[in-house]
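Heads up: the structure comes next, in structure tokens.
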Amino acid sequence: MPPTPPPAGSVRPDAATVNAAIRAFLRARRGRALSAAERVVYEELRAEWVAAARRDRYGTAA
């Protein structure tokens, strides 16, 4: 099953973990455009990665 964002309120440990989830998500869809629903999941993963990268860098959930 492709990775999806965790339930609201939960947080993946770091940006590298979220990055791996993004890569797996996109790899599973290689060679075709994302559907509207898949685009939403991708954008949620991307936002999660940004937040995790900030936590990794600054130690806060900016």
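Residues that satisfy the side chain to side chain contact (heavy atoms under 4.5 Å, CB included) test with A16, not counting sequence neighbours, are D14. Looking at residues two or more places apart in sequence or on another chain, you find a side-chain hydrogen bond (donor to acceptor under 3.5 Å, both in side chains) between R32 and E38.
Of all heavy-atom pairs between L34 and R29, the closest is CD2-CD, 3.5 Å.
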Contacts under 3.5 angstrom, residues 18-27 side chains, donor-acceptor by atom type, not counting sequence neighbours:
none

